[in-house]
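Convention: sequence-line order gives letters A, B, ...; per-chain numbering from 1. Just so it is clear, the model here is predicted, and its values are computed rather than measured.
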Protein chains: 2
Amino acid sequence: MGRLNRRALLTRLQHLGVASRADLAKSLGMSQPTAGKIAEELLELGVLEEIDGAEPASASPRRRVKLGRPGRLLRLNRTVPRFVALQLGVSETCISTLCLGVSFSDNWQHRFKTPDSAELWTHRLQAIASRLPPASYWGVLVSVPGIVDDLAGRVLFSPNLHWTEKVDVCRLVQEVWAAPVVLVQEERALALGYQHLHPQARDFLLVDFGEGVGASLVVSGQLYDNLLPICGELGHVPVLGNERPCGCGARGCLETLVSTRGLLQSFAAAHGGLAPTWEIMIEKLAIRGVEPWLATTLDATSVVIAGALNVLGVRTVVVTGSLSDLPTAVMDHLSSAIRKGSIYARFGQIDIETAPRHRTAGLVAAGIDRLVVPMSNRDPAARGVPPSPARDRHPDHSRAKLSVPTNS
Amino acid sequence: MGRLNRRALLTRLQHLGVASRADLAKSLGMSQPTAGKIAEELLELGVLEEIDGAEPASASPRRRVKLGRPGRLLRLNRTVPRFVALQLGVSETCISTLCLGVSFSDNWQHRFKTPDSAELWTHRLQAIASRLPPASYWGVLVSVPGIVDDLAGRVLFSPNLHWTEKVDVCRLVQEVWAAPVVLVQEERALALGYQHLHPQARDFLLVDFGEGVGASLVVSGQLYDNLLPICGELGHVPVLGNERPCGCGARGCLETLVSTRGLLQSFAAAHGGLAPTWEIMIEKLAIRGVEPWLATTLDATSVVIAGALNVLGVRTVVVTGSLSDLPTAVMDHLSSAIRKGSIYARFGQIDIETAPRHRTAGLVAAGIDRLVVPMSNRDPAARGVPPSPARDRHPDHSRAKLSVPTNS
DNA sequence: CACAATACTTAATAAAGTTACGAAAGGGGA
DNA sequence: TCCCCTTTCGTAACTTTATTAAGTATTGTG
């Protein structure tokens, strides 16, 4: 069937959680036969599964007595783990096997401190792989910080984890698991994860604060993408007057102020002491409130975020990561500063909220997107997944097949 | 035929200028019959015209002697004016009638000083309309500054032309010309115009400096769009430390520094005199170079632009408007500052260029887009099942086959 | 004037979607 | 229990759109 409709159906089912063929058809506005055929195909492939368990009454409390033939409920397969998820964090690497129908909160099965070299890292992976159930996976999903060329599968630039730039991460992983590898920029995974849990959020900017600072954008329910493998790099916008050196090679990046390390450094500088731990800083801030150094930092952050909102035309900001650990006064200050700088706030409302990170959900969404129902078969290694006829995506204006249907 | 292919063909022809059916088919990667049928249809509607004049030899100098049957060349209709173009500027209103195949540079047939009220404005329009050839136009294309809800056809917010917010500009225009009205945000028109003249530019951020400051983004050859009627509002990003009041109601907007008025004001402040004219300031700057106040302003501007580049993942900046009037040292300073703040410059190249404004070309592009080959997917429930779109249950797609107001 | 090369058209075919209709699977009332 | 109602789901026939293949038209070249 058409890739587009197949994608749409799968995405919708991902959001609905559980639905019958008829539900899907209605909610997508496509005909029942079409939805039925797609569902059939995906069942065949093991992407979906049919559940006949009595529908929990609580799931549809307001629904009156159901007339007619009850639908056969479908959901994304939750019985067979299809993916290996890998979070390559600056300080920690986490691993888990995941089904397509992912559980909601992150729950890593294995984790270890990220070493400084590719060899050691692969070694640790190997050890863990041997302890995983021997299965043939559809793919390995890797969340990485920094700038990723996700088509080519290369880390181009990673200010906080430089060794990943020099090696072919995909190949390293494939030495451990012989399966297609999908690299996903950390913040993109987070945005997809947030979207998975909040299907009604169709336009938002997700900003993540942690060891680095990055953002990711969803417009009209679609992750903003670009041919250039760079996107949402809020952390490396310069702040006038700031001269701290950044891992990216420049001076004055926002990240040097609002990353966890940057905040600790500022705190220490303001109080003439050594850098405290994160917990101690939180404690002290809870007492002292938003001190001038912090206010300055937050204002700089807000300007960058407001700038992004003004340029992008988005009115919802989702903040994840370390900033939500801090006393509420901090987020309050930031929020009001963002509103002050955002032009939409002059005649509309800006929503700013904090949310936990949902990396695994995002990784699975990315994996489904790239491996299960790819728009274009840009992954030559794809095996055991739906056969999708060849078609180039952006063949540089030469032999683009813009026609939507057909081909086989 | 499919809207998508029809759009693609028209856009391509717009870029190529003149092409045969076979050229179009080849360049779009679609089959000749398809291209032929679409071309036929568009000829019928009067969108295209066939030219049989001898092809200028200079057009394809390197091309060796052409064998075979020569193609029948097509281009966008240039004989019948189909649109009225209207530039509602802060200080001046310009008017012209335009064909689909637009001439390249702006060439307004009528112009008058924009009055302070809707009544006076309509009155002037009426006077001009009576002097235009009586024809039935396909639409009136209006370039407006400020924030425009182009679907609803309302000006939501116009810091430098407040009276347009309170009136229904579309209705005003329709009282003069009984035709569909398309409102286009000024910078969007400029971006479309630039794209028309540089078809190879597929990703860029166009920043326009004038009485206001705004930007517009093209990604993958597509004007960035958003459900929120706001986009590219670079001018209203706050600059820390700046306290000048802005027409938008806030303080410290970038626009208060780099608009023509802002620059003049800063110049006057730096030299303790009255505000000079634009020409005098240029003259003096040519002698004195980039003075500290100007450097500060440019740095602030560069940070905002670099921020946009980092977030959007774009590596090309097109600057139009007043800033290119200033001595070259000014653009040089700005360019190098943008590069310094842009993360892509760490491992790639940032292109920054200045360009003249091409408003009419952009307006026509927008008009074609909205009136001649509409997507008709412009409904709030745009859920994206485009291929062979499942007709919505709510049959509000009455204008599905609208195409072009049939006359002739 | 045949022949090669290119442009365009027509006809048959394929893919993906649609509507239409009928069988399956319950619930509720006689 | 039987019958009717409602809804789900599958199959068949039709529609739209684009493709491939084959045929016709129009030029330059030997």
A.B. asks: Indicate whether OP1 or OP2 belonging to D:dT17 is found under 4.0 Å from a side-chain N or O atom of B:T34.
C.D. replies: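 Checking D:dT17 against B:T34, no side-chain N or O comes under 4.0 Å of OP1 or OP2.
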
A.B. asks: Just N and O in the side chain of A:N5: are any of them under 4.0 Å from OP1 or OP2 of C:dG17?
C.D. replies: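 For A:N5, the contact criterion (side-chain N or O under 4.0 Å from OP1 or OP2 of C:dG17) is met.
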
A.B. asks: Rounded to the nearest angstrom, tell me the gap between atom CG in A:L4 and atom P in D:dT17.
C.D. replies: 16 Å

A.B. asks: Take atom CG of A:L28 and atom P of C:dG17, then tell me their distance rounded to the nearest Å.
C.D. replies: 12 Å

A.B. asks: Would you mind reading off the distance between B:M30 atom CE and D:dT17 atom P, rounded to a whole angstrom?
C.D. replies: 13 Å

A.B. asks: Rounding to a whole Å, what distance do you find between A:L42:CG and D:dC9:C1'?
C.D. replies: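 Rounded to whole Å, this separation is 17 Å.
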
A.B. asks: For B:R69, what residues pass the side-chain hydrogen bond (donor to acceptor under 3.5 Å, both in side chains) criterion, not counting sequence neighbours?
C.D. replies: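 side-chain hydrogen bond (donor to acceptor under 3.5 Å, both in side chains) list for B:R69, sorted by chain: empty.
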
A.B. asks: Only counting residues at least two apart or in another chain, list the ones meeting side-chain hydrogen bond (donor to acceptor under 3.5 Å, both in side chains) with B:D203.
C.D. replies: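 Here no residue qualifies.
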
A.B. asks: Please list, pair by pair, any protein nitrogen or oxygen found under 3.5 Å from a nitrogen or oxygen in nucleotides 8-11 of chain C.
C.D. replies:
from	atom 1	to	atom 2	distance (Å)
C:dC8	OP1	B:R72	N	2.4
C:dC8	OP1	B:R72	O	3.3
C:dC8	OP2	B:R21	N	3.2
C:dC8	OP2	B:A22	N	2.9
C:dC8	O3'	B:R72	NH1	3.2

A.B. asks: Tell me every residue that passes ring pair (Phe, Tyr, Trp, His ring centres under 6.0 Å) with A:Y194, counting only those two or more places apart in sequence or in another chain.
C.D. replies: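 A:H198, A:F204.
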
A.B. asks: Can you tell me how far C1' of C:dA16 sits from CG of A:L9, to the nearest Å?
C.D. replies: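 It works out to 15 Å between those atoms.
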
A.B. asks: Could you give me the CA-CA distance, side-chain angles and deciding distance for A:R7 and A:D369, then say whether salt bridge (Lys or Arg N to Asp or Glu O under 4.0 Å) is met?
C.D. replies: CA-CA 8 Å; A:R7 274 176 96 77; A:D369 199 76; 2.5 Å; yes

A.B. asks: What's the CZ-P distance between B:R6 and D:dT16, to the nearest Å?
C.D. replies: 15 Å

A.B. asks: Could you pull out all residues at least two apart from A:S216 that satisfy side-chain hydrogen bond (donor to acceptor under 3.5 Å, both in side chains)?
C.D. replies: none

A.B. asks: Could you tell me which residues satisfy ring pair (Phe, Tyr, Trp, His ring centres under 6.0 Å) with A:Y224, sequence neighbours excluded, listed by chain and number?
C.D. replies: none

